[in-house]
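Scope of the values below: all heavy atoms of this structure, side chains included, with no hydrogens, waters or symmetry mates. Along the sequence shown, the residues carry numbers beginning at 1.
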Amino acid sequence: MQTRRDLAKQETRLALVDAALAVAEREALEGLTADSVAAEAGVSRRTFFNYFPTTDAVLAAPTHDFLQRVFAELSLRPVREPVPEAIVNALAAAAEPDLMRRFAGVVRLCGDDFAAERVEREVWAEAEANVREALTERLPAGTEPLRIQVLAAAAMGAGRAAVVSWADEVGQVLDDSTGVESLDPAAFTSLRERLVAAMGYLGQGFGFASPAAPTGTASTTTASTSTAT
């Protein structure tokens, strides 16, 4: 059970995240400093560093929070539930409006900045260990470790692609308002649809219909030679 002190600390942390997003929206990422974030949140520079070691860390916080929520939801899914379905349900259940507003804001801000996007991507990469652990529990005993590693990486990649695509879509809505109410229920329906589609593509793998072999390839030449013979 959370105490009042715990709740106060959580509120301060989220206030700093919101302040960082506000500063970055107004002044671009170049204006994002510990001093500017602290001033925006109405706290001291020392308070900022009590919660975040760097400005990179405060930018990574929404992605980290979202993924932690995903893993918590995934742990509640039935063990016998098909893995792609369990991942979709966990991702969708974790999509709480205020959390996703912050996440969408970070994705939008980082999209055109290589260094900032790297920070956001690293959070997803670090979370792969959690996915591997979850897959180990759900896949048949004795599943080859390499297969688990590949599936974990693929699942995280598919999930991130869907969520980032969604964040880009809702970015225009958030440009005019940072309020929670700016994300209506239809936005979350769209998120789930993208997650389902992404996991479907993952399940299909590279199973596209093979294109016709172009003329002049080895197979065509061989066939011609056989016919001539």
> Atom CD1 in Ile87, atom CG in Leu195: separation rounded to 0.5 Å?
Replying inline: 10.5 Å
> When clusters are formed by joining ILVMFWY residues with side-chain heavy atoms under 4.5 Å apart, either directly or through shared neighbours, do Leu202 and Trp124 land in the same one?
Replying inline: yes
>> To the closest 0.5 Å, what do you measure between CG (Leu135) and CG (Leu151)?
In response: 6.5 Å
>> Using a 6.0 Å cut-off, check whether atom CZ of Arg5 has over 12 heavy atoms from anything other than its own residue.
In response: no
> Under a single-linkage definition using a 4.5 Å side-chain heavy-atom cutoff for Ile, Leu, Val, Met, Phe, Trp and Tyr, are Leu14 and Val58 assigned to the same hydrophobic cluster?
Replying inline: no
> When hydrophobic residues are tied together by side-chain contacts of less than 4.5 Å, even through go-betweens, does Val123 share a cluster with Val164?
Replying inline: yes
>> Quick test of your reading of the model: are Asp18 and Arg101 salt-bridged, counting only N-O distances below 4.0 Å?
In response: yes
>> Determine whether a donor-acceptor pair (N or O, by modelled atom type, separation under 3.5 Å) exists between the side chain of Thr63 and the backbone of Glu120.
In response: no
>> Quick check: do Leu29 and Leu59 have side-chain heavy atoms less than 4.5 Å from each other?
In response: yes
> Side chains of Phe71 and Val131: does their closest heavy-atom pair fall under 4.5 Å?
Replying inline: yes
>> In the structure I gave you, are the side-chain heavy atoms of Asn130 and Val70 within less than 4.5 Å of one another anywhere?
In response: no
> Quick one: do Arg69 and Asp65 make a salt bridge, cutoff under 4.0 Å?
Replying inline: no
>> Looking at every non-hydrogen atom in both residues, tell me the closest pair between Ala22 and Glu40 and how far apart they are.
In response: CB-OE2, 3.8 Å
> Which heavy atom in Arg138 sits nearest to a heavy atom in Leu74, and how many Å separate them?
Replying inline: NH2-O, 3.0 Å
>> For the backbone of Arg147 and the side chain of Glu144, can you confirm whether one donor and one acceptor N or O come within less than 3.5 Å of each other?
In response: no
>> Taking Val43's backbone N and O only, do any of them form a donor-acceptor pair with Thr47's side chain (distance below 3.5 Å, no angle check)?
In response: no
> Taking all non-hydrogen atoms of both residues, which atom of Ala20 and which atom of Leu32 are closest, and how far apart?
Replying inline: O-CD1, 3.4 Å
> Do the non-hydrogen side-chain atoms of Val163 and Arg160 ever get within less than 4.5 Å of each other?
Replying inline: no
> Would you call Glu73 and Arg77 a salt bridge, taking side-chain N to carboxylate O under 4.0 Å as the test?
Replying inline: no
> Is the closest side-chain heavy-atom distance between Met199 and Glu85 below 4.5 Å?
Replying inline: no
> Which heavy atom in Gly31 sits nearest to a heavy atom in Ser36, and how many Å separate them?
Replying inline: O-OG, 2.9 Å
> Nearest 0.5 Å, what's the CG-CZ distance between Leu16 and Phe52?
Replying inline: 6.0 Å
>> Tell me every residue that passes ring pair (Phe, Tyr, Trp, His ring centres under 6.0 Å) with Phe66, counting only those two or more places apart in sequence or in another chain.
In response: Phe103
> How far apart are the C-alpha atoms of Asn89 and Glu81, what are their side-chain angles, what is the distance that settles it, and do they pass the side chain to side chain donor-acceptor pair (under 3.5 Å) test?
Replying inline: CA-CA 10 Å; Asn89 287 329; Glu81 185 175 33; 2.8 Å; yes
>> My understanding is that a hydrophobic cluster links ILVMFWY residues whose side chain heavy atoms are under 4.5 Å apart, including indirect links. Using that, what else belongs to the cluster containing Leu146?
In response: Val150
> With a 4.5 Å limit on heavy-atom distance, are the side chains of Met156 and Leu67 in contact?
Replying inline: yes
> Which atom names give the shortest non-hydrogen contact between Ala61 and Val17, and what distance separates them?
Replying inline: CB-CG2, 3.9 Å
> So, do Met100 and Leu191 sit near enough that their side-chain heavy atoms are less than 4.5 Å apart?
Replying inline: yes
>> Just verifying a value: how many Å separate Glu137 CD and Glu133 CD, rounded to the nearest 0.5 Å?
In response: 5.5 Å
> So does Asp6 pair up with Lys9, basic N to acidic O under 4.0 Å?
Replying inline: no
>> A quick test of your reading: do over 12 heavy atoms of other residues, nucleotides or ligands sit less than 6.0 Å from OH of Tyr201?
In response: no
>> Can you tell me how far apart OG1 (Thr55) and CZ (Phe48) are? Round to the nearest 0.5 Å.
In response: 6.0 Å
> Any idea which heavy atoms bring Ala38 and Ser44 closest together, and the distance?
Replying inline: CB-O, 3.6 Å
> Is there a side-chain contact between Glu193 and Val196 (heavy atoms, below 4.5 Å)?
Replying inline: no
>> Can you list everything that forms a side-chain hydrogen bond (donor to acceptor under 3.5 Å, both in side chains) with Arg132? Sequence neighbours excluded, please.
In response: none
